[in-house]
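Working notes, structure below.
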Amino acid sequence: MNKDYRELRTPSRILMGPGPSDADPRLLRAMATPLIGHLDPEFIVIMDETKELLRYLFQTENELTIPISGTGSAGMETCFCNLLEPDDEVIVCVNGVFGQRMCDVADRCGAKVIRVEAHWGEIIQPDKVAEALSQSRAKVVAIVHAETSTGVLQPLEEIASLAHEHGALLLVDAVTSLGGVPVEVDKWGIDACYSGTQKCISCPPGLAPVTFNQMAMNVLNDRKTKVQSWYLDLTMIGKYWGSDRAYHHTAPITMNYALREALRFIREEGLEARFSRHEGNSRALIAGLKAMGVHPFVPPEHRLASLNAVRIPDGVNDAEVRRRLLQEMGIEIGGGLGEQKGKIWRIGLMGYSSQRRNVLLLLAALERILTDEGLSISSGSGVQASNEILQGAA
Ligand SMILES: *Cc1c(COP(=O)(O)O)cnc(C)c1O
(Lines give C-alpha, C1' and ligand atoms only; values in the text may rest on other atoms or scores of the structure.)
Protein backbone atom coordinates (compact mmCIF):
# COMPACT_ATOMS: atom_id res chain seq x y z
CA MET A 1 0.00 0.00 0.00
CA ASN A 2 1.39 3.38 -0.87
CA LYS A 3 -1.61 5.48 0.08
CA ASP A 4 -0.84 8.44 2.34
CA TYR A 5 -3.30 8.85 5.17
CA ARG A 6 -3.57 12.43 6.30
CA GLU A 7 -3.95 13.30 9.94
CA LEU A 8 -7.49 12.89 11.25
CA ARG A 9 -9.41 16.12 10.83
CA THR A 10 -13.14 16.80 11.09
CA PRO A 11 -15.13 19.86 10.03
CA SER A 12 -16.40 22.22 12.70
CA ARG A 13 -20.01 21.34 13.51
CA ILE A 14 -22.76 22.42 15.85
CA LEU A 15 -24.55 19.25 16.91
CA MET A 16 -28.28 19.90 17.12
CA GLY A 17 -29.52 16.50 16.06
CA PRO A 18 -30.83 13.56 18.10
CA GLY A 19 -27.34 12.91 19.49
CA PRO A 20 -24.45 13.00 19.90
CA SER A 21 -24.58 16.51 21.33
CA ASP A 22 -21.58 18.84 21.58
CA ALA A 23 -19.16 18.21 24.41
CA ASP A 24 -17.78 21.01 26.55
CA PRO A 25 -14.15 21.62 25.43
CA ARG A 26 -13.12 21.15 29.08
CA LEU A 27 -14.42 17.59 28.82
CA LEU A 28 -12.51 16.86 25.63
CA ARG A 29 -9.38 18.09 27.39
CA ALA A 30 -10.05 15.71 30.29
CA MET A 31 -10.13 12.86 27.77
CA ALA A 32 -6.48 13.49 27.00
CA THR A 33 -5.59 12.56 30.60
CA PRO A 34 -3.01 9.73 30.60
CA LEU A 35 -4.30 6.21 31.15
CA ILE A 36 -4.10 4.42 34.47
CA GLY A 37 -5.12 0.82 35.10
CA HIS A 38 -8.70 -0.20 35.73
CA LEU A 39 -7.68 -1.64 39.15
CA ASP A 40 -5.44 1.30 40.13
CA PRO A 41 -6.49 2.72 43.50
CA GLU A 42 -6.81 6.13 41.86
CA PHE A 43 -9.19 4.72 39.26
CA ILE A 44 -11.27 3.26 42.06
CA VAL A 45 -11.64 6.79 43.47
CA ILE A 46 -12.90 7.92 40.05
CA MET A 47 -15.37 5.00 39.98
CA ASP A 48 -16.70 5.85 43.43
CA GLU A 49 -17.14 9.52 42.54
CA THR A 50 -18.89 8.57 39.31
CA LYS A 51 -21.38 6.43 41.22
CA GLU A 52 -22.08 9.29 43.66
CA LEU A 53 -22.56 11.79 40.85
CA LEU A 54 -24.79 9.39 38.92
CA ARG A 55 -27.01 9.00 42.01
CA TYR A 56 -27.31 12.77 42.11
CA LEU A 57 -28.32 12.88 38.45
CA PHE A 58 -30.79 9.96 38.65
CA GLN A 59 -32.08 11.42 41.95
CA THR A 60 -31.74 8.06 43.65
CA GLU A 61 -30.17 6.34 46.63
CA ASN A 62 -29.83 3.06 44.69
CA GLU A 63 -26.61 1.23 45.54
CA LEU A 64 -26.34 -0.29 42.05
CA THR A 65 -25.92 2.89 39.99
CA ILE A 66 -23.10 2.46 37.48
CA PRO A 67 -22.08 3.10 33.87
CA ILE A 68 -22.25 0.05 31.60
CA SER A 69 -19.55 -0.19 28.91
CA GLY A 70 -21.37 0.46 25.65
CA THR A 71 -23.85 2.99 24.26
CA GLY A 72 -27.47 3.56 25.33
CA SER A 73 -28.60 0.37 23.61
CA ALA A 74 -26.20 -1.59 25.83
CA GLY A 75 -28.01 -0.02 28.79
CA MET A 76 -31.31 -1.18 27.31
CA GLU A 77 -30.00 -4.69 26.75
CA THR A 78 -28.50 -4.80 30.26
CA CYS A 79 -31.83 -4.02 31.90
CA PHE A 80 -33.85 -6.50 29.84
CA CYS A 81 -31.42 -9.40 29.98
CA ASN A 82 -30.85 -9.09 33.72
CA LEU A 83 -34.54 -8.77 34.65
CA LEU A 84 -36.10 -11.24 32.22
CA GLU A 85 -35.80 -14.99 31.91
CA PRO A 86 -37.15 -17.14 29.09
CA ASP A 87 -40.99 -17.30 29.10
CA ASP A 88 -41.41 -14.30 31.43
CA GLU A 89 -44.11 -11.87 30.34
CA VAL A 90 -43.17 -8.24 29.74
CA ILE A 91 -45.35 -5.28 28.77
CA VAL A 92 -43.54 -2.98 26.36
CA CYS A 93 -45.02 0.44 25.56
CA VAL A 94 -44.51 1.45 21.94
CA ASN A 95 -45.03 4.93 20.50
CA GLY A 96 -41.86 5.27 18.48
CA VAL A 97 -38.62 3.65 17.34
CA PHE A 98 -37.14 3.03 20.78
CA GLY A 99 -40.23 1.26 22.10
CA GLN A 100 -39.94 -0.98 19.03
CA ARG A 101 -36.28 -1.63 19.81
CA MET A 102 -37.24 -2.64 23.37
CA CYS A 103 -39.63 -5.26 21.93
CA ASP A 104 -36.84 -6.72 19.84
CA VAL A 105 -34.44 -6.85 22.78
CA ALA A 106 -37.04 -8.42 25.11
CA ASP A 107 -37.95 -10.97 22.45
CA ARG A 108 -34.30 -11.98 22.08
CA CYS A 109 -34.24 -12.63 25.87
CA GLY A 110 -36.90 -15.27 25.23
CA ALA A 111 -39.59 -13.26 27.00
CA LYS A 112 -43.21 -13.07 25.90
CA VAL A 113 -43.76 -9.49 24.75
CA ILE A 114 -47.13 -7.77 25.23
CA ARG A 115 -47.24 -4.49 23.31
CA VAL A 116 -49.19 -1.45 24.48
CA GLU A 117 -49.25 1.10 21.69
CA ALA A 118 -50.02 4.74 20.99
CA HIS A 119 -49.80 6.79 17.81
CA TRP A 120 -46.37 8.27 17.18
CA GLY A 121 -46.36 11.79 18.63
CA GLU A 122 -48.74 10.85 21.45
CA ILE A 123 -48.14 9.53 24.97
CA ILE A 124 -48.98 6.03 26.20
CA GLN A 125 -52.30 6.14 28.09
CA PRO A 126 -52.11 4.64 31.61
CA ASP A 127 -55.49 2.89 31.27
CA LYS A 128 -54.11 0.83 28.38
CA VAL A 129 -51.23 -0.26 30.59
CA ALA A 130 -53.71 -1.10 33.38
CA GLU A 131 -55.70 -3.26 30.97
CA ALA A 132 -52.61 -5.14 29.81
CA LEU A 133 -51.52 -5.67 33.42
CA SER A 134 -54.88 -7.13 34.42
CA GLN A 135 -54.82 -9.54 31.46
CA SER A 136 -51.28 -10.81 32.02
CA ARG A 137 -48.76 -11.90 34.61
CA ALA A 138 -46.21 -9.34 33.52
CA LYS A 139 -42.98 -9.21 35.47
CA VAL A 140 -41.87 -5.88 33.97
CA VAL A 141 -43.51 -2.84 32.35
CA ALA A 142 -41.01 -1.15 30.01
CA ILE A 143 -41.48 2.38 28.72
CA VAL A 144 -39.51 5.18 27.06
CA HIS A 145 -39.47 8.43 29.04
CA ALA A 146 -38.27 10.64 26.18
CA GLU A 147 -39.03 9.13 22.75
CA THR A 148 -36.27 10.56 20.57
CA SER A 149 -38.00 9.52 17.37
CA THR A 150 -41.01 11.77 18.08
CA GLY A 151 -40.07 14.31 20.77
CA VAL A 152 -42.70 13.08 23.23
CA LEU A 153 -42.12 13.25 27.01
CA GLN A 154 -44.01 10.46 28.77
CA PRO A 155 -45.43 11.01 32.30
CA LEU A 156 -44.41 8.05 34.46
CA GLU A 157 -45.79 8.22 38.01
CA GLU A 158 -49.24 6.81 37.33
CA ILE A 159 -47.82 3.96 35.27
CA ALA A 160 -45.32 3.21 38.07
CA SER A 161 -48.16 2.85 40.58
CA LEU A 162 -50.13 0.61 38.23
CA ALA A 163 -47.14 -1.66 37.66
CA HIS A 164 -46.50 -1.94 41.38
CA GLU A 165 -50.17 -2.69 42.17
CA HIS A 166 -49.80 -5.71 39.89
CA GLY A 167 -46.44 -6.77 41.30
CA ALA A 168 -44.51 -5.73 38.19
CA LEU A 169 -41.34 -3.64 37.95
CA LEU A 170 -41.16 -0.39 36.01
CA LEU A 171 -38.21 -0.23 33.59
CA VAL A 172 -37.57 3.19 32.04
CA ASP A 173 -35.50 4.34 29.04
CA ALA A 174 -34.13 7.76 30.05
CA VAL A 175 -31.57 8.04 27.26
CA THR A 176 -32.77 11.43 25.96
CA SER A 177 -34.17 12.76 29.23
CA LEU A 178 -31.41 12.21 31.80
CA GLY A 179 -29.50 15.47 32.28
CA GLY A 180 -31.97 17.56 30.25
CA VAL A 181 -35.32 17.17 31.97
CA PRO A 182 -36.13 15.84 35.46
CA VAL A 183 -35.76 12.07 35.98
CA GLU A 184 -36.68 11.31 39.60
CA VAL A 185 -35.99 7.62 39.97
CA ASP A 186 -36.85 7.23 43.66
CA LYS A 187 -39.76 9.70 43.87
CA TRP A 188 -41.51 8.38 40.78
CA GLY A 189 -41.07 4.72 41.70
CA ILE A 190 -38.82 3.68 38.81
CA ASP A 191 -37.30 0.26 39.56
CA ALA A 192 -34.72 0.08 36.79
CA CYS A 193 -33.53 2.84 34.49
CA TYR A 194 -30.86 3.29 31.83
CA SER A 195 -29.45 6.16 29.82
CA GLY A 196 -26.61 7.01 27.45
CA THR A 197 -23.79 9.51 27.69
CA GLN A 198 -24.07 11.33 24.35
CA LYS A 199 -27.46 12.96 24.67
CA CYS A 200 -28.20 15.37 27.54
CA ILE A 201 -25.11 14.39 29.54
CA SER A 202 -23.07 15.80 26.62
CA CYS A 203 -20.26 13.30 26.76
CA PRO A 204 -19.12 11.27 23.73
CA PRO A 205 -21.05 8.02 23.12
CA GLY A 206 -19.65 4.96 24.87
CA LEU A 207 -21.17 4.47 28.31
CA ALA A 208 -24.69 3.71 29.51
CA PRO A 209 -25.56 4.76 33.07
CA VAL A 210 -27.87 2.21 34.71
CA THR A 211 -29.60 2.13 38.10
CA PHE A 212 -31.46 -0.75 39.82
CA ASN A 213 -33.42 -0.41 43.07
CA GLN A 214 -33.80 -3.15 45.68
CA MET A 215 -36.92 -4.59 44.00
CA ALA A 216 -35.02 -4.97 40.74
CA MET A 217 -32.02 -6.42 42.61
CA ASN A 218 -34.33 -8.99 44.21
CA VAL A 219 -35.58 -10.07 40.79
CA LEU A 220 -31.98 -10.35 39.62
CA ASN A 221 -30.89 -12.33 42.68
CA ASP A 222 -33.87 -14.69 42.46
CA ARG A 223 -33.18 -15.76 38.87
CA LYS A 224 -33.41 -19.45 38.13
CA THR A 225 -31.19 -19.17 35.06
CA LYS A 226 -27.93 -17.39 34.39
CA VAL A 227 -28.13 -13.99 32.68
CA GLN A 228 -27.98 -14.81 28.94
CA SER A 229 -25.22 -12.27 28.27
CA TRP A 230 -21.85 -12.79 29.92
CA TYR A 231 -20.71 -9.24 29.13
CA LEU A 232 -23.78 -7.50 30.56
CA ASP A 233 -24.35 -9.73 33.60
CA LEU A 234 -24.90 -7.27 36.47
CA THR A 235 -24.17 -9.89 39.13
CA MET A 236 -20.57 -9.88 37.85
CA ILE A 237 -20.26 -6.23 36.78
CA GLY A 238 -21.73 -5.21 40.14
CA LYS A 239 -18.80 -6.92 41.85
CA TYR A 240 -16.26 -4.86 39.90
CA TRP A 241 -18.13 -1.64 40.73
CA GLY A 242 -18.87 -2.79 44.31
CA SER A 243 -16.58 -3.61 47.22
CA ASP A 244 -15.01 -6.74 45.64
CA ARG A 245 -13.35 -4.78 42.82
CA ALA A 246 -13.06 -8.11 41.02
CA TYR A 247 -11.89 -7.93 37.42
CA HIS A 248 -14.71 -8.61 34.95
CA HIS A 249 -13.80 -6.70 31.79
CA THR A 250 -11.41 -3.78 31.33
CA ALA A 251 -13.34 -0.59 31.97
CA PRO A 252 -13.04 1.91 29.09
CA ILE A 253 -10.78 4.21 31.09
CA THR A 254 -10.96 7.34 28.95
CA MET A 255 -14.73 7.19 28.63
CA ASN A 256 -14.98 6.93 32.38
CA TYR A 257 -12.79 10.02 32.76
CA ALA A 258 -15.14 11.81 30.39
CA LEU A 259 -18.30 10.76 32.19
CA ARG A 260 -16.88 11.74 35.55
CA GLU A 261 -16.10 15.22 34.23
CA ALA A 262 -19.46 15.57 32.45
CA LEU A 263 -21.23 14.68 35.70
CA ARG A 264 -19.08 17.13 37.61
CA PHE A 265 -20.17 19.90 35.20
CA ILE A 266 -23.80 18.92 35.75
CA ARG A 267 -23.30 19.11 39.50
CA GLU A 268 -21.55 22.48 39.10
CA GLU A 269 -24.51 23.87 37.13
CA GLY A 270 -27.12 22.26 39.39
CA LEU A 271 -30.09 20.20 38.23
CA GLU A 272 -32.66 22.99 38.58
CA ALA A 273 -30.64 25.47 36.54
CA ARG A 274 -29.87 22.83 33.95
CA PHE A 275 -33.49 21.81 33.47
CA SER A 276 -34.67 25.40 33.21
CA ARG A 277 -31.94 26.16 30.65
CA HIS A 278 -33.21 23.27 28.51
CA GLU A 279 -36.82 24.37 28.96
CA GLY A 280 -36.13 28.04 28.12
CA ASN A 281 -34.09 27.33 25.01
CA SER A 282 -36.69 24.90 23.72
CA ARG A 283 -39.50 27.42 24.19
CA ALA A 284 -37.42 30.06 22.41
CA LEU A 285 -36.71 27.72 19.52
CA ILE A 286 -40.34 26.70 19.10
CA ALA A 287 -41.54 30.33 19.24
CA GLY A 288 -39.05 31.28 16.56
CA LEU A 289 -39.92 28.35 14.31
CA LYS A 290 -43.66 29.00 14.64
CA ALA A 291 -43.13 32.63 13.62
CA MET A 292 -41.49 31.28 10.46
CA GLY A 293 -44.33 28.86 9.72
CA VAL A 294 -42.69 25.70 11.04
CA HIS A 295 -44.99 24.01 13.55
CA PRO A 296 -44.36 21.57 16.42
CA PHE A 297 -45.24 17.92 15.96
CA VAL A 298 -46.18 17.32 19.61
CA PRO A 299 -48.91 19.12 21.64
CA PRO A 300 -47.43 21.55 24.21
CA GLU A 301 -48.20 19.44 27.32
CA HIS A 302 -46.09 16.50 26.09
CA ARG A 303 -43.24 18.33 24.40
CA LEU A 304 -39.69 17.31 25.18
CA ALA A 305 -37.27 20.21 25.70
CA SER A 306 -34.19 18.24 24.68
CA LEU A 307 -35.57 17.02 21.34
CA ASN A 308 -37.83 19.34 19.39
CA ALA A 309 -39.80 17.63 16.64
CA VAL A 310 -41.37 19.94 14.05
CA ARG A 311 -43.35 19.31 10.88
CA ILE A 312 -41.53 19.95 7.62
CA PRO A 313 -43.58 22.62 5.81
CA ASP A 314 -45.35 21.47 2.62
CA GLY A 315 -43.28 21.61 -0.53
CA VAL A 316 -39.97 21.92 1.29
CA ASN A 317 -37.18 19.53 0.30
CA ASP A 318 -36.17 17.76 3.54
CA ALA A 319 -32.82 16.39 2.35
CA GLU A 320 -31.79 19.65 0.67
CA VAL A 321 -32.51 21.76 3.76
CA ARG A 322 -30.53 19.45 6.01
CA ARG A 323 -27.71 19.21 3.49
CA ARG A 324 -27.40 23.00 3.30
CA LEU A 325 -27.58 23.40 7.07
CA LEU A 326 -24.72 20.93 7.40
CA GLN A 327 -22.55 21.94 4.44
CA GLU A 328 -23.05 25.71 4.44
CA MET A 329 -23.67 26.47 8.09
CA GLY A 330 -22.07 23.50 9.86
CA ILE A 331 -25.28 22.75 11.75
CA GLU A 332 -26.53 19.19 12.16
CA ILE A 333 -30.22 18.52 12.80
CA GLY A 334 -32.03 15.19 12.51
CA GLY A 335 -34.57 13.97 9.98
CA GLY A 336 -37.57 11.81 10.81
CA LEU A 337 -37.21 8.13 11.71
CA GLY A 338 -39.45 5.23 10.79
CA GLU A 339 -42.98 6.32 9.89
CA GLN A 340 -42.05 9.99 10.34
CA LYS A 341 -39.19 9.89 7.80
CA GLY A 342 -39.47 12.89 5.47
CA LYS A 343 -42.27 14.39 7.59
CA ILE A 344 -40.50 15.88 10.60
CA TRP A 345 -37.22 17.41 11.65
CA ARG A 346 -35.77 16.58 15.02
CA ILE A 347 -33.83 19.41 16.57
CA GLY A 348 -31.78 18.50 19.61
CA LEU A 349 -31.05 21.03 22.33
CA MET A 350 -29.18 18.64 24.56
CA GLY A 351 -26.68 19.39 27.30
CA TYR A 352 -23.88 21.64 26.08
CA SER A 353 -25.71 22.13 22.76
CA SER A 354 -28.67 23.75 24.53
CA GLN A 355 -27.47 27.34 24.17
CA ARG A 356 -29.18 30.59 23.22
CA ARG A 357 -26.67 31.29 20.50
CA ASN A 358 -27.38 27.90 18.90
CA VAL A 359 -31.11 28.64 18.89
CA LEU A 360 -30.56 32.02 17.24
CA LEU A 361 -28.02 30.65 14.74
CA LEU A 362 -30.32 27.85 13.65
CA LEU A 363 -33.28 30.21 13.23
CA ALA A 364 -31.24 32.63 11.12
CA ALA A 365 -29.85 29.78 9.00
CA LEU A 366 -33.26 28.19 8.48
CA GLU A 367 -34.84 31.51 7.56
CA ARG A 368 -32.38 31.90 4.74
CA ILE A 369 -32.72 28.33 3.45
CA LEU A 370 -36.51 28.19 3.74
CA THR A 371 -36.80 31.51 1.91
CA ASP A 372 -34.78 29.96 -0.92
CA GLU A 373 -37.15 26.99 -0.77
CA GLY A 374 -40.00 29.39 -1.58
CA LEU A 375 -41.52 29.95 1.86
CA SER A 376 -42.51 33.54 2.49
CA ILE A 377 -40.99 34.50 5.81
CA SER A 378 -40.84 38.09 6.99
CA SER A 379 -37.20 38.87 7.61
CA GLY A 380 -35.96 38.31 11.14
CA SER A 381 -39.36 37.16 12.40
CA GLY A 382 -38.08 33.88 13.87
CA VAL A 383 -35.14 35.44 15.65
CA GLN A 384 -37.37 38.22 16.98
CA ALA A 385 -40.05 35.86 18.33
CA SER A 386 -37.36 33.75 19.91
CA ASN A 387 -35.63 36.74 21.48
CA GLU A 388 -38.89 37.86 23.04
CA ILE A 389 -39.14 34.52 24.83
CA LEU A 390 -35.49 34.58 25.88
CA GLN A 391 -35.79 38.11 27.22
CA GLY A 392 -39.01 37.31 29.00
CA ALA A 393 -37.23 34.43 30.71
CA ALA A 394 -34.19 36.46 31.74
C1 LIG B 1 -30.32 7.14 21.40
C2 LIG B 1 -31.34 6.33 22.11
C3 LIG B 1 -31.15 4.97 22.42
C4 LIG B 1 -29.98 4.19 21.94
O5 LIG B 1 -28.78 4.68 22.33
P6 LIG B 1 -27.45 4.39 21.47
O7 LIG B 1 -26.46 5.20 22.26
O8 LIG B 1 -27.68 4.89 20.11
O9 LIG B 1 -27.17 2.95 21.55
C10 LIG B 1 -32.13 4.32 23.15
N11 LIG B 1 -33.25 4.95 23.53
C12 LIG B 1 -33.48 6.24 23.23
C13 LIG B 1 -34.75 6.88 23.69
C14 LIG B 1 -32.54 6.96 22.52
O15 LIG B 1 -32.76 8.24 22.22
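- The distance from the CE atom of Met76 to the CG atom of Leu232 is 12.5 Å, given to the nearest 0.5 Å.
- Formation of a donor-acceptor pair under 3.5 Å by the Ser21 side chain with backbone atoms of Lys199 is found in this model.
- Listed for the Arg277 side chain is a donor-acceptor partner under 3.5 Å among the backbone atoms of Gly351.
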In a table with atom names and distances, give each donor-acceptor pair under 3.5 Å that connects a side chain of residues 298-307 to protein atoms at least two apart or in another chain.
residue: Arg303; atom: NE; partner: Val298; partner atom: O; Å: 2.8
residue: Arg303; atom: NH2; partner: Val298; partner atom: O; Å: 3.3
residue: Ser306; atom: OG; partner: Thr176; partner atom: O; Å: 2.9

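- Annotation: side chain of Trp345 is in contact with side chain of Asp318 (closest heavy-atom distance under 4.5 Å).
- Salt bridge present: Arg324 and Asp372 bring a charged side-chain N and a carboxylate O closer than 4.0 Å.
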The test is side chain to side chain contact (heavy atoms under 4.5 Å, CB included); show your working for Ile286 and Val310 and say whether it passes. CA-CA 8 Å; Ile286 295 292; Val310 293; 4.2 Å; yes

Checking side chain to side chain contact (heavy atoms under 4.5 Å, CB included) for the pair Trp230/His248: CA distance, chi angles, key distance, verdict? CA-CA 10 Å; Trp230 181 88; His248 176 252; 3.5 Å; yes

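- When all heavy atoms of Met31 and Pro204 are compared, the closest pair comes out as SD-CG, 3.7 Å.
- Of all heavy-atom pairs spanning Ala74 and Ser69, the tightest one is CB-O, 4.2 Å.
- Cys93 approaches Val141 most closely through the heavy-atom pair SG-CG1, 4.4 Å.
- Side-chain atoms of Asn317 come within 3.5 Å of backbone atoms of Ala319 as a donor-acceptor pair (strictly under, hydrogens ignored).
- Judged by distance alone, with hydrogens and angles left aside, the side-chain atoms of Ser195 form a donor-acceptor pair with the main-chain N or O of Ala174 at under 3.5 Å.
- No side-chain heavy atom of Ser202 sits less than 4.5 Å from a side-chain heavy atom of Leu27.
- Distance NZ/Lys290 to NE2/His295: 8.0 Å, rounded to 0.5 Å.
- By the neighbour-count criterion of 12 heavy atoms within 6.0 Å, atom CD of Glu61 is sparsely surrounded, having that number or fewer from other residues, nucleotides or ligands.
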Using atom types as modelled, flag every donor-acceptor pair under 3.5 Å from a side chain in residues 32-42 to any protein atom, sequence neighbours excluded.
residue: Thr33; atom: OG1; partner: Ala30; partner atom: O; Å: 2.5
residue: Asp40; atom: OD1; partner: Glu42; partner atom: N; Å: 2.8

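- The closest side-chain heavy-atom distance from Pro209 to Ile201 is below 4.5 Å.
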Test salt bridge (Lys or Arg N to Asp or Glu O under 4.0 Å) on Glu52 and Arg55; report intermediate values, then the result. CA-CA 5 Å; Glu52 287 163 20; Arg55 287 190 195 107; 6.0 Å; no

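- With values rounded to the nearest 0.5 angstrom, Glu49 atom CD is found 11.5 Å from Arg267 atom CZ.
- Applying the ring pair (Phe, Tyr, Trp, His ring centres under 6.0 Å) rule to pairs touching residues 173-207 yields His145-Trp188, sequence neighbours excluded.
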Distance-only criterion, 3.5 Å: show the donor-acceptor pairs between side-chain atoms of residues 114-133 and protein atoms not counting sequence neighbours.
residue: Arg115; atom: NE; partner: Glu117; partner atom: OE2; Å: 3.4
residue: Lys128; atom: NZ; partner: Glu117; partner atom: O; Å: 3.1

Derivation and outcome, side chain to side chain contact (heavy atoms under 4.5 Å, CB included), residues Met329 and Ile369: CA-CA 10 Å; Met329 330 279 186; Ile369 298 172; 3.9 Å; yes

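- Counting heavy atoms of neighbouring residues, nucleotides and ligands inside a 6.0 Å radius, atom CE of Met215 does not exceed 12 of them.
- Glu77 places no side-chain N or O within donor-acceptor distance of the main-chain N or O of Val105, the cut-off being under 3.5 Å.
- Annotation: Arg108, atom CZ; neighbour count of heavy atoms from other residues, nucleotides and ligands within 6.0 Å does not exceed 12.
- Across every non-hydrogen atom of Ala106 and Val113, the tightest pair is CB-CG2, 3.8 Å.
- Taking a cutoff of 4.0 Å between a charged side-chain nitrogen and a carboxylate oxygen, Glu332 and Arg13 do not qualify as a salt bridge.
- For the pair Ile237/Ile68, a side-chain contact is recorded, criterion being any heavy-atom separation below 4.5 Å from C-beta on.
- Heavy-atom neighbours of Glu272 CD from other residues, nucleotides or ligands within 6.0 Å: at or below the threshold of 12.
- Of the possible donor and acceptor atoms, none in the side chain of Arg346 sits under 3.5 Å from a partner among the backbone N and O of Gly17.
- Ionic pairing of Arg137 and Asp87 is not present here: no N-O contact between side-chain nitrogen and carboxylate oxygen is shorter than 4.0 angstrom.
- Here side-chain hydrogen bond (donor to acceptor under 3.5 Å, both in side chains) pairs that include residues 151-172, with residues two or more places apart or in two chains, are His164-Asp191.
- Note on Tyr257 and Ile266: separate hydrophobic clusters, where clusters join Ile, Leu, Val, Met, Phe, Trp and Tyr whose side-chain heavy atoms are under 4.5 Å apart, directly or indirectly.
- For the side-chain contact (heavy atoms from CB on, under 4.5 Å) with Leu178, the lone residue among Val183, Val185, Thr211 that qualifies is Val183.
- Across all non-hydrogen atoms, the minimal contact from Gln355 to Tyr352 is NE2-O, 2.9 Å.
- For the pair Tyr56 (side chain) and Leu263 (backbone), a donor-acceptor distance under 3.5 Å is absent.
- Going from atom CD of Glu279 over to atom OG of Ser354 covers 10.0 Å, rounded to the nearest 0.5 Å.
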Derivation of the side chain to side chain contact (heavy atoms under 4.5 Å, CB included) call for Asn82 and Asp233: CA-CA 7 Å; Asn82 280 274; Asp233 184 339; 4.0 Å; yes

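- Not a single donor-acceptor pair under 3.5 Å links the side chain of Gln198 to the backbone N or O of Gly19.
- Side-chain N/O atoms of Gln214 and Asn218 include a donor and acceptor closer than 3.5 Å.
- Remark: Glu373 CD is packed, more than 12 non-hydrogen atoms of other residues, nucleotides or ligands lying under 6.0 Å away.
- Taking 4.5 Å as the limit, every side-chain heavy atom of Met47 sits out of range of all side-chain heavy atoms of Lys51.
- Using a 4.5 Å cut-off on side-chain heavy atoms (C-beta onward), Asn387 and Leu360 make contact.
- For the pair Ile333/Arg322, a side-chain contact is recorded, criterion being any heavy-atom separation below 4.5 Å from C-beta on.
- One distance of note links CD1 of Ile344 with CG of Asn308; it measures 11.0 Å at 0.5 Å rounding.
- Contacts of Glu85 classified as side-chain hydrogen bond (donor to acceptor under 3.5 Å, both in side chains), with partners at least two apart in sequence or in another chain: Thr225.
- The closest donor-acceptor contact from the side chain of Ser381 to the backbone of Met292 lies at 3.5 Å or more, if one exists at all.
- Side-chain N or O atoms of Thr197 include one that pairs as donor or acceptor with a backbone N or O of Leu207 at under 3.5 Å.
- Side chains of Ile377 and Leu366 form no contact here, defined as non-hydrogen atoms less than 4.5 Å apart.
- Considering CG of Leu362 and CG of Leu289, their distance stands at 6.5 Å, rounded to 0.5 Å.
- Summarising the local packing, CG of Asp314 is surrounded by 12 or fewer heavy atoms from other residues, nucleotides or ligands at distances under 6.0 Å.
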